[in-house]
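Just so it is clear, the structure is predicted and the values come from calculations on it, not from any experiment. One is the number of the first residue; the rest follow in order along the sequence. Counting convention: from 1, in listed order, for ligands and their atoms alike.
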Amino acid sequence: MAAGKNLAVDTNRLWDSLMEMAKVGPGIAGGNNRRTLTDEDAEGRSLFQRWCEEAGMSVGVDRMGTMFATRPGSDPDALPVYMGSHLDTQPTGGKFDGVLGVLAGLEVVRSLNDLNITTKHPIVVTNWANEEGARFAPAMLASGVFAGIHTLDYAYARTDSDGKTYGEELKRIGWLGDEEVGARKMHAYFEYHIEQGPILEAEEKQIGVVTHCQGLWWLEITLTGKEAHTGSTPMAMRVNAGLAAARILEKVQDVAMAHQPGAVAGVGRMNFTPNSPNVLPGKVVFTIDLRTPDQSKLDSMRAIFEQEAPKIAAELGVGCSIEAIGHFDPIAFDPVLVDRVRTAADKLGYSHMDIISGAGHDACWTAKLAPTTMIFCPCVDGLSHNEAEEISPEWAAAGCDVLLHAVLETAEIVA
Ligand code: HGY
Ligand code: MN
Ligand code: MN
């Protein structure tokens with residue numbers, strides 16, 4: 001039985017939930033600072049759990065702290081259809097990155113309850129732990145363990161800038177669950193997300209039919225120089241890790257431009273030690289973020305830094321080590337599910353276009369386990385990872401309607 005095209009979610013209820021969650025871990029400029037495994041994250045998790053239970057769902061938690069809220073189906077043996085994203089944010093994050101996908105999943109369930117619809121497959125709404133990787137690198141850590149990319153021990157040992165480990169902090173906030181990570185099997189996975197780029201708004205499209213996600217490398221570079229007085233040390237006697245870092249940073253821009261079209265590269269975090277204004281750094285650590293949908297370009301950009309960064313450092317007598325702390329190759333999402341998203345947008349009369357995701361998502365890892373795809377809505381000026389991140393209630397609801405219909409098509413309405 002197909003869902004009638006008038007089947008829609010409750011825009012105001014979805015928007016109210018987004019605004020309610022935005023009050024948890026507020027930023028300093030209207031966005032959010034709800035970094036993973038902080039007390040604010042714990043508060044957001046409890047709010048989400050309460051809402052799920054009020055909607056009649058049971059909530060399970062795995063040993064990475066990922067939350068799974070289940071709405072039963074008529075066939076308990078049928079593999080569930082999963083929806084989800086993440087409630088953790090960047091330190092200067094917006095109100096919608098990740099949160100929209102989790103709360104839209106909740107809104108789909110709330111709407112199914114209102115309409116008294118029963119599906120054959122159970123439906124699960126997921127809050128993946130530590131998608132952002134801002135506090136504990138790499139990004140998509142919990143879904144990476146779920147997909148067998150990382151071990152649990154590796155994940156538990158990841159440390160934040162204060163030296164606290166993921167495992168300790170998960171226990172401290174009381175969200176260490178008992179489910180084995182990755183034991184759950186999926187019939188399909190849908191992730192609804194803001195585009196985090198300018199294309200849909202510029203093209204005046206309401207829905208992004210996400211066909212692929214670009215590949216990524218995170219290369220952590222550690223440069224070892226010699227601490228010395230910035231005033232009294234002659235220039236010829238310096239072993240200047242800061243200068244080596246500056247030259248490599250310049251190369252990041254050059255390499256991205258040399259791999260156009262479609263490549264991007266940047267550095268968002270750099271730490272100097274001892275980070276004192278009149279001490280030349282003994283150590284500089286920074287992460288190079290390389291991305292492109294083109295596999296050969298992705299491999300080429302990484303190879304250039306593996307060769308060139310040590311050379312640049314050596315010219316200055318500076319030591320250099322490189323650790324790949326994040327990686328996934330370009331992902332093609334499931335064509336059947338992609339077409340269901342496109343068909344749902346058509347049925348609902350929403351304008352849409354195919355699009356490749358510039359940002360990484362937990363869907364990149366679930367795609368290795370089960371048929372997976374994504375839905376995008378536009379965001380104002382394409383801005384994200386910024387407290388001014390903004391969408392409209394209408395944009396939020398349009399994508400949620402498409403999610404509702406694509407999920408129903410996959411979970412099969414029985415009554
Ligand atoms: O880095 C990313 O693309 C995602 O926002 N974690
Ligand atoms: Mn996200
Ligand atoms: Mn993000």
Looking only at N, O or S atoms in H193, which is nearest to the Mn ion (ligand 2)? NE2
Can you confirm if the aromatic rings of F146 and W128 lie within a centre distance of less than 6.0 Å? yes
Regarding R34 and E43, does a basic nitrogen lie under 4.0 Å from an acidic carboxylate oxygen? no
Pairing donors with acceptors under 3.5 angstrom, does anything connect the side chains of D346 and H352? yes
Test log, rule side chain to side chain contact (heavy atoms under 4.5 Å, CB included), inputs T36 and L141: CA-CA 11 Å; T36 202; L141 183 62; over 6 Å; no
Counting from 1, what ligand 1 atoms have a heavy atom of A139 closer than 4.0 Å? 6 (N)
With a cut-off of 2.8 Å, does H385 put an N/O/S atom close enough to the Mn ion (ligand 3)? yes
Donor-acceptor side-chain pairing of H259 and S300 below 3.5 angstrom: yes
Return the orientation label for the W365 and H150 ring planes: parallel under 30°, perpendicular over 60°, tilted otherwise. perpendicular
Among the heavy atoms of Q90, does any lie under 4.0 Å from an atom of ligand 1? no
I'd like to know: is the Mn ion (ligand 2) within the 2.8 Å range of an N/O/S atom from H86, strictly under that distance? yes
Ring centres under 6.0 Å, that's the criterion: do W15 and F96 meet it? yes
Which of the ligand 1 atoms, numbered from 1, are nearer than 4.0 Å to a heavy atom of H385: 5 (O)
What part of A359 sits under 4.0 Å from ligand 1 if we count only heavy atoms: the side chain, the backbone, both or neither? both
Have a look at E132 and say which of its N, O or S atoms is nearest the Mn ion (ligand 3). OE2
Mark up the atoms of ligand 1 that fall under 4.0 Å of a heavy atom belonging to E131, in ascending order. 4 (C), 6 (N)
Look at atom CD of E204 and say whether more than 12 heavy atoms of other residues, nucleotides or ligands are closer to it than 6.0 Å. no
Winner among E132, H361, R291 once heavy atoms are compared against atom 1 (O) of ligand 1: R291
Decide, counting backbone as well as side-chain atoms, whether D97 has an N, O or S atom less than 2.8 Å from the Mn ion (ligand 3). yes
